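Computed from a predicted structure; not experimentally measured. Lettering of chains follows the sequences in order, A, B, ..., and the numbering in each one begins at 1.
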Amino acid sequence: MGFSILWNICRFSSRSFSSKIMKYLNVAEKNDAAKGISAILSRGASNRREGFSQYNKIYEFEATVIGVKSQMVMTSVSGHLLNYAFHPSFRNWTSCNPVELFDAPIEQVCMEESKNIKKTLEREIRSCDGLIIWTDCDREGENIGFEIIEVCKDVKPNIRIFRAKFSEITGPSIFRALNSLEQPNKNVSDAVDIRKELDLRTGAAFTRLQTLRLQKVFPGKLADKLISYGSCQFPTLGFVVDRYLSIENFIPETFWKIKMNHKVKDLTTEFLWGRDRLFDKNSCEAILDICKESNVAKVDSVDSKPKSKWRPLPLDTVEMEKNISRKLKINAKNAMKIAEKLYTQGYISYPRTETNIYPKELNLVNLVEHQTNDTNWGPFAQRILNEGGPTPRVGKKSDQAHPPIHPIKHAPGLTGQEKAVYEYIVRHFLASVHKDAQGYETVVIVDIADEKFTAKGLIILEKNYLDVYIYEKWLGKEINNYEVGDTFTPSTLDLAEGNTSPPKLLTEAELIALMDKHGIGTDATHAEHIDTIKTREYVGLHENTYFVPGTLGMGLVEGYNNIGLQVSLAKPVLRAEFEKDLKLICEGLKDPEIVKREQIERYKAVFQTVMDKILEIDNSLANRLDDRPVPIQNEALTPQDSSRPVMKCPKCGGNMIFKNRKNGVGKYLSCSRYPECKNSGWPSTIIDGVEVLDEHCQNCGPATKKVKMKFRQNPFVGGPNPTILCIGGCDMNVLETLEIALSTVKRSNEEVTSTHANNYRIHENRPSINVNRNVQNSQRINGNRTPRTLPNVMPVTNRNNSMNNFRNANPVNVHGSGNSADNIFCQCDNPADLRTTANGPNKGRKYYKCANSVCNFFLWAPNSSSTPSTSTSSSNNANTTVQCKCNQPAKELTVMKNNHNHGRKFYSCSKPQPGKCDFFKWADEVNENQPTDDNGPWGGGGGGGVSNNWSRSREIGKSKKNNTNHRTKPYQNNKPKVKRKCGICGEEGHTRTRCPNS
DNA sequence: GCAAGGTC
């Protein structure tokens, strides 16, 4: 060929797998495996230096791909690269109503442990023209393949993609795959995507609901419990509960049978009655009487034939877990952990397999030979070879990827449980490739008065595999010699009474078998699900062997059962039906989107039913936990009511919702699209609860809902608590009291008021005036704004009384001349530059900007024509008219406390203590309450658009920060307002949050 | 803090 194509073969699952493929390819193409391996180690070391996992190696070699001799690069992944996660704004447990998780946006994120693998793929694919996926040929493997494709296509969108399909990891299989490359199967991958999404949504929604609610309903017993739900763990719990209930509800019945023995010398042959047993004593007695009357048994038949006890099938994961649990008393979770370790040490093959057929290419002789030196089973291994073995038994299952579990090499140095597990795997392997045990069975049937009785004898002829497989017994049974036609008198012919007995509690082996049968979990995850329900204390172990439901598990399952769902969450049915749909997607017979929608709706409907009847779960748990449930109002239980959208986000169009503060105390208003949109409002008062009502605000429109708020200390003194109000901006008093900036809740061009004054700092005698949380947030939100999108704002500054002016929004002349910036400071706290717009619709217009272009500060300079020319000091000219409650001239004072009112002037009784009255009034409000004409307090009434609406709104709302932007639509609020009083000093004009006396 | 799946 005239050119070579650089391919990238990716094998994904395990190190040994890629080494193996590498080995086969290398041997075939170069016939020089040793050299290839050496090169691999060299690259591996290099990767380690770069911080990559040693398993994330790069292999380079030549191979022929679609008829072209190509340079190949090979690397591996390790399971899924990506994982679904909720959008960050839904990750906090109290960020939303759990039911929203069925529709909440989700995204794919690269797991931390996979980041280096992803980097390797991104790096290597750059030099490649094609990509061959070598992941396991099962559903998950196909999905992992698409994750790799996604990562690689992000770097190289036009990369050619192929899929290697193989039935086992052997040389011929690998070459067959390489010579018949296919395309990855999107249907199969889609099915897994839906499985992943549904598991995430249902798991998170139900887990949050259960945990958040039950912790509160049973604070004494469940306060610190994580009460999880999962589509696998709950059916697993269901199996345990079902068995327990069948025992609990079991009613024993008495039965009777006829017992017949025949003793010759010292040997007693036991005969079993053909009818086994009867539940009617009289009938049984009647038959016995007839038999006794005859009292002679005649031999009807004697059948003797060889009988085998089959050697075990090649070992798959489920069998291994069951047997190790049963025979070695090591639980499945530990067994898997140990097997994993043995695998990574190279002692055994991959322990997660569904295959019970040895691949033809697997060199069984070699594997047996490895064991011949062992002191315990070495002789047996040799015997296999001597007797023409190995002769493997053949099962019916194959996962198309991994062989049955088998030992790779002899491991004499192991101890403890590792030794026991390894020994089991070796003995199972040797047994599976030897011979069935051979015996000789004799079945004798005798007749007494037309009643048949049977005896069975067994002689063990060859134990064969049983010699090594010490976990099974096959006992012979000796009986007397009988010939057809013989007669004898029974030694015993009696009535025996017995009772039916309940089933036993489930063992782990039985539980795994049930999970396997019903398709709950995979071979790799059965043990984990069992472990989960133990960790959650849903179940416990009786005598370290039998699973018994705990009170929590029992109460939960009974609660769900009592809700009357069509299909209980604790049954495997929902999952099984989902599986059916997934199969149809894989086969291309169902649209994945339709299945997803249907399944999500199905689970969502179940969720809503559970919510409606949640008291059933409370009651069941109360009964099982023997605890009194704390009555919980549905509204107060979960954050669903506070997490409903209050209004549309004015910045991005998302939803504004209330969230809990991180410290757990109080709430704040946030855009649901955080972190993309950082719009937020931080009420200064502690809000213990918010319920977003269905009722919308008549003033703000249908998208803005009224809210019922419960305050820790009601800032609306004298008002109800909880209280219903609108925070959509129609009532400035509400926003002001809660310290929510208007711009947080309303688009700036909708209202006359704006908080953009908060976007900059005004320098005065002190370094800067207060910048509260709103200011900071506002700065962040508007950080990237461009001049074009910013509304007009009017800077306010007054060196002599800047606080009052700022609070009063009294505009002060800031001309577009060189020294104007003296009083305008950017977010870096440096004097801002005054500049002129060069282009666009605002050409010629002046604005302020960070002089050093460090921060994003931006502010239009006021037009001289529209800017009032003089400053009005609000307080100084009014003080002489203010009288206190003693009818004395009040004294003007300045807030010295270092809070947001620092520097603000107010009036107080001029008398010294004691004798001083409790009169209090802000100086600026005295001024404000003076009769004003339509020109407002600005006096100019020129082109600035300062209207009486604005002044009135300030009179009502006392806006102290939202002081500008009066060129936009005026704030309208003609509703009569009640004057609020301070909760501390009782005076009007300020709230407790700003009380100078606090 | 949540699932189940992959995996070293």
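One atom, NZ of A:Lys216, and another, C1' of B:dG1, lie 15 Å apart when rounded to the nearest Å. A straight line from CZ of A:Phe578 to P of B:dA4 spans 12 Å, rounded to a whole angstrom. Computed from coordinates, the A:Arg208 CZ to B:dG1 C1' distance equals 9 Å when rounded to whole Å. Atom CD1 in A:Ile520 sits about 14 Å away from atom C1' in B:dG5, given to the nearest Å. The separation between A:His518 atom NE2 and B:dA4 atom C1' is 19 Å, rounded to whole Å. To the nearest angstrom, P of B:dG5 lies 13 Å from CG of A:Asn83. To the nearest angstrom, C1' of B:dG6 lies 14 Å from CZ of A:Arg139. Rounded to an integer number of Å, the gap from A:Asp531 CG to B:dA4 P is 12 Å.
In the set B:dA4, B:dG1, B:dG6, B:dG1 carries the atom at the smallest distance from any side-chain atom of A:Gln215. The side chain of A:Glu113 has B:dG6 as its nearest neighbour among B:dA4, B:dG1, B:dG6. For A:Thr525, the side-chain atoms get nearest to B:dG6 when compared with the rest of B:dG6, B:dT7, B:dG1. Here B:dG1 is the nucleotide among B:dC2, B:dG1, B:dT7 with the atom lying nearest to any side-chain atom of A:Thr211. In the set B:dC2, B:dT7, B:dA3, B:dT7 carries the atom at the smallest distance from any side-chain atom of A:Asp136. In the set B:dA4, B:dC2, B:dT7, B:dT7 carries the atom at the smallest distance from any side-chain atom of A:Arg352. Side-chain proximity of A:Glu528 to B:dT7, B:dA3, B:dG5: nearest is B:dT7.
A residue-by-residue look at A:Arg91 and A:Met111 shows that A:Arg91 has its nearest nucleotide of DNA chain B further toward the 5' end. With the nearest nucleotide of DNA chain B identified for both A:Ala205 and A:Asp523, A:Ala205 has the one nearer the 5' end.
With sequence neighbours excluded, the residues that form a side-chain hydrogen bond (donor to acceptor under 3.5 Å, both in side chains) with A:Asp399 are A:Thr353, A:Thr355. A:Phe146 pairs by the ring-ring contact (aromatic ring centres under 6.0 Å, His included) definition with nothing, not counting sequence neighbours. Listed by chain and residue number, nothing satisfies the side-chain hydrogen bond (donor to acceptor under 3.5 Å, both in side chains) test with A:Glu593 (two or more places apart in sequence, or in another chain). Applying the ring-ring contact (aromatic ring centres under 6.0 Å, His included) test to A:Phe607 and every residue at least two apart in sequence or in another chain returns A:Phe102, A:Phe206. Contacts of A:Glu319 classified as side chain to side chain contact (heavy atoms under 4.5 Å, CB included), with partners at least two apart in sequence or in another chain: A:Leu315, A:Asp316, A:Lys322, A:Asn323.
Stems are defined here as 3 or more consecutive Watson-Crick or G-U wobble pairs with pairing distances under 3.5 Å; none involve DNA chain B.
For the segment residues 226-238 of chain A, residues with any heavy atom less than 4.0 angstrom from an atom of DNA chain B are, sorted by number, A:Leu226, A:Ser228, A:Tyr229, A:Gly230, A:Ser231, A:Cys232, A:Gln233.
Residue A:Thr522 places at least one side-chain N or O under 4.0 Å from the OP1 or OP2 atom of B:dG6. Residue A:His529 has a polar side-chain atom (N or O) positioned under 4.0 Å from OP1 or OP2 of B:dG5. In this model, the phosphate group of B:dA3 is approached by a side-chain N or O of A:Arg536 to a distance below 4.0 Å at OP1 or OP2. Applying the 4.0 Å criterion to OP1 and OP2 of B:dA4, one finds that A:Arg201 has every side-chain N and O outside that range. Between A:Tyr350 and the phosphate of B:dT7, there is a side-chain N or O to OP1/OP2 separation shorter than 4.0 Å.
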Throw together a table of side-chain donor-acceptor distances under 3.5 angstrom for residues 185-192 of chain A, partners on residues two or more places apart or in other chains.
from	atom 1	to	atom 2	distance (Å)
A:Asn185	OD1	A:Asn187	N	2.9
A:Asn185	OD1	A:Val188	N	3.2
A:Lys186	NZ	A:Asp190	OD1	2.7
A:Ser189	OG	A:Asn143	ND2	3.1

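Between A:Tyr343 and A:Tyr350, the two ring planes are perpendicular [angle over 60°; tilted spans 30° to 60°].
For the residue pair A:Glu558/A:Ser620, the side-chain donor-acceptor check at 3.5 Å is not satisfied.
Scanning all heavy atoms of the two residues, the minimum distance from A:Thr551 to A:Arg624 falls at CG2-O, 3.2 Å. Here the closest non-hydrogen pair linking A:Val630 and A:Pro219 is CG2-CD, 3.6 Å.
Identified under the salt bridge (charged side-chain N to carboxylate O under 4.0 Å, His left out) test for residues 221-232 of chain A, with sequence neighbours left out: A:Lys225-A:Glu537.
At a threshold of 4.0 angstrom between heavy atoms, the contacts of A:Gly141 with the nucleic acid are absent.
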